[in-house]
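Predicted model, so just to flag it, every value in this text is computed and none were measured.
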Amino acid sequence: MRATRATKGSDMRYRPFGRTGWSVSEIGFGGWQIGGAWGKVDDAASVRTLLHAFDNGVNFVDTAELYGAGHSETVIGDALRQWRGNKIYVATKAQPTVWPNPDDPAPQFRGRFPDWHLRKNVEASLGRLGVERLDLFQLHSWGPMGHCELDWLETLNDLRVEGKIDQIGVSLRDNHPEEGVAAARLGLVASQQVIFNMFEQHPIDALLPAARSSGTAIIARVPLDSGSLVGNWVPDSYARFEPGSQQHQMFRGDRFSETLRRLEALKADVVPYFASLAEAAMRYVLAHDAVSVVIPGMKTPEEVDMNIRYSDGGGFPDELLSLMPRHAWIRNFYQ
């Protein structure tokens, strides 16, 4: 996959979004945080942050009905109404009627996205975003049998014909990238969204090669491991996480101390090559050409600037890449 430069006025680089014909910014905007699940948010500030991102070449935004019960979509819709520039691609998601048990290796998929449910979600997302057609509509939580239990696809194909959605994608379950391999080999959908970062390296094994072979776009989420790979956590950082927030829940108990221990080991390898762990983390994901777009969460213009500066074509040293497997860490902090 070959990245291209942005138009005049922005240094952003763009990549093909699989076989769709879209050209998307390699740094996108993850919209979970602006829904409120990661702590208190100021909607006006969120809109300003989105517009700042758009002004600086970001043209891909990911959101979901789940993110604040549609609030993230509403805020993004407000930003879209104010935006007067080039096309912004918006990806959203519908959650299943029943969430799979994270401990179930083969959850039932048929019937989890019935016709009435998908149509209700599409209409609600269209309204909140204020658009006539959804660019990318994703199933939120894929399963290993999704490629052969296809009732969901009949409805989504109808919605494409009706002009309600353009492209179809899926969002893989946390720490289960292997569940998307069959669909990627088949080219069943336009895109797959997956956790991919310096800890969660498993997509490299089979998913990325399968996606590359079929022209399936890969959306890499959680590149900064929900904040840990920014590199500024210290032993008392957890006490400052807002109680009840997603971050407070994910890193509870001994999870935070274990994460700190692994971060120190990772930093020791990164220091000779990069000025910050955050730079290494972003460049690691961008170094894989099967990835179409990386979607870090961003709540302020400063966070936007921190992330988009890495869209400059800078690589990831082969010597450091060879050390990364020893830092691979498969876990599910969403349980």
Side-chain angles (χ1 to χ4, degrees), residues 10 12 24-83 88-93 128-129 140 171 193 195-197 219-234 236-251 256 259 263 276-279 281-282 285-286 293-311 333-334:
S10 169
M12 181 66 69
V24 300
S25 53
E26 62 182 11
I27 309 293
F29 193 108
W32 193 2
Q33 281 86 340
I34 62 176
W38 294 79
K40 294 179 182 178
V41 290
D42 178 326
D43 292 345
S46 295
V47 169
R48 288 194 297 272
T49 300
L50 282 159
L51 293 174
H52 178 77
F54 301 162
D55 275 330
N56 284 276
V58 171
N59 75 347
F60 185 93
V61 182
D62 178 77
T63 184
E65 183 275 332
L66 177 68
Y67 301 165
H71 189 68
S72 173
E73 289 180 318
T74 299
V75 173
I76 291 166
D78 289 343
L80 293 175
R81 281 185 282 275
Q82 295 182 37
W83 176 242
I88 305 297
Y89 295 96
V90 179
T92 192
K93 312 178 195 73
R128 287 189 289 263
L129 289 165
H140 206 163
S171 183
Q193 185 176 141
I195 292 180
F196 182 38
N197 58 52
I219 303 169
R221 71 178 185 265
V222 201
L224 297 171
D225 192 49
S226 301
S228 81
L229 291 174
V230 173
N232 59 5
W233 286 3
V234 294
D236 66 349
S237 292
Y238 183 81
R240 295 194 294 272
F241 294 164
E242 184 175 324
S245 68
Q246 190 69 31
Q247 207 170 34
H248 190 270
Q249 170 70 11
M250 287 169 56
F251 292 96
F256 184 79
T259 302
L263 285 171
S276 70
L277 188 58
E279 178 178 3
M282 291 295 291
V285 181
L286 290 169
V293 57
V294 185
I295 52 168
M298 299 179 280
K299 293 175 68 174
T300 66
E302 292 75 21
E303 291 180 358
V304 171
D305 293 341
M306 180 192 80
N307 287 306
I308 66 174
R309 70 166 59 104
Y310 304 127
S311 180
F333 277 5
Y334 295 94

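Residues Thr300 and Met306 are not in side-chain contact: their nearest non-hydrogen atoms beyond the backbone lie 4.5 Å or more apart. Between Phe60 and Ile219 there is a side-chain heavy-atom pair separated by less than 4.5 Å. At a threshold of 4.5 Å between non-hydrogen side-chain atoms, the residues Trp83 and Asp55 count as touching. Counting heavy atoms from C-beta on, the side chains of Leu277 and Leu263 come closer than 4.5 Å. Within the 4.5 Å cutoff, the side chain of Leu50 has no heavy atoms near those of the Gln82 side chain. Side-chain atoms of Val24 and Asn59, non-hydrogen and from C-beta on, do get closer than 4.5 Å to each other.
Phe54 approaches Ala79 most closely through the heavy-atom pair CE1-CB, 4.2 Å. Closest approach of Gly57 and Ser25 over heavy atoms only: O-CB, 3.4 Å. Listed here is the closest heavy atom pair of Ser46 and Val75: CB-CG1, 3.7 Å. Nearest heavy atoms, Val285 versus Pro223: CG2-CB, 4.1 Å. Smallest separation of non-hydrogen atoms from Gly31 and Ser72: O-OG, 2.6 Å. Closest approach of Met12 and Ser311 over heavy atoms only: SD-OG, 3.4 Å.
For the atom pair Thr92 OG1 and Glu65 CD, the distance stands at 8.0 Å (nearest 0.5 Å). The CD1 atom of Ile27 sits 11.0 Å away from atom CD1 of Ile295, with the distance rounded to the nearest 0.5 Å. Going from atom CG of Leu66 over to atom OG of Ser171 covers 10.0 Å, rounded to the nearest 0.5 Å. To the nearest 0.5 Å, atom NZ of residue Lys299 and atom CD1 of residue Ile34 are 10.5 Å apart. Between atom CZ of residue Phe256 and atom CG of residue Asp236 there is a gap of 8.0 Å, rounded to the nearest 0.5 Å. In this structure, CZ on Arg48 lies 10.5 Å from CG on Asp43, to the nearest 0.5 angstrom.
Between the side chains of Thr63 and Glu73, no donor-acceptor pair is found at a separation under 3.5 Å.
Panel note: side chain Glu242, backbone Lys40; a donor-acceptor pair is recorded below 3.5 Å. Judged purely by atom type and a 3.5 angstrom limit, Asp225 has no side-chain atom pairing as donor or acceptor with the backbone of Ser228. Under the 3.5 Å distance criterion, the side-chain polar atoms of Arg221 are matched with a main-chain donor or acceptor of Gln193. With hydrogens and angles disregarded, no donor-acceptor distance shorter than 3.5 Å links the side chain of Ser226 to the backbone of Val222. Under a 3.5 Å cut-off, the side chain of Tyr238 and the backbone N or O of His248 do form a donor-acceptor pair.
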Hey, mind stepping through Thr259 and Trp233 against side-chain contact (heavy atoms from CB on, under 4.5 Å) and telling me if it holds?
CA-CA 10 Å; Thr259 302; Trp233 286 3; 4.3 Å; yes
Show your reasoning for whether side-chain contact (heavy atoms from CB on, under 4.5 Å) applies to Val61 and Leu80.
CA-CA 11 Å; Val61 182; Leu80 293 175; over 6 Å; no
Where do Thr49 and Gln33 land on the side-chain contact (heavy atoms from CB on, under 4.5 Å) test, with the steps shown first?
CA-CA 12 Å; Thr49 300; Gln33 281 86 340; over 6 Å; no
Take Lys93 and Asp62 through the test side-chain contact (heavy atoms from CB on, under 4.5 Å) and record every step on the way to the result.
CA-CA 9 Å; Lys93 312 178 195 73; Asp62 178 77; 2.7 Å; yes
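For the side chain to side chain contact (heavy atoms under 4.5 Å, CB included) test with Glu26, the passing option among Leu286, Val293, Ile308 is Leu286; the others fail.
Between Trp32 and Tyr67, the two ring planes are parallel [angle under 30°; tilted spans 30° to 60°].
Scored by the ring-ring contact (aromatic ring centres under 6.0 Å, His included) test, Phe196 finds Tyr284, His288 as partners (sequence neighbours excluded).
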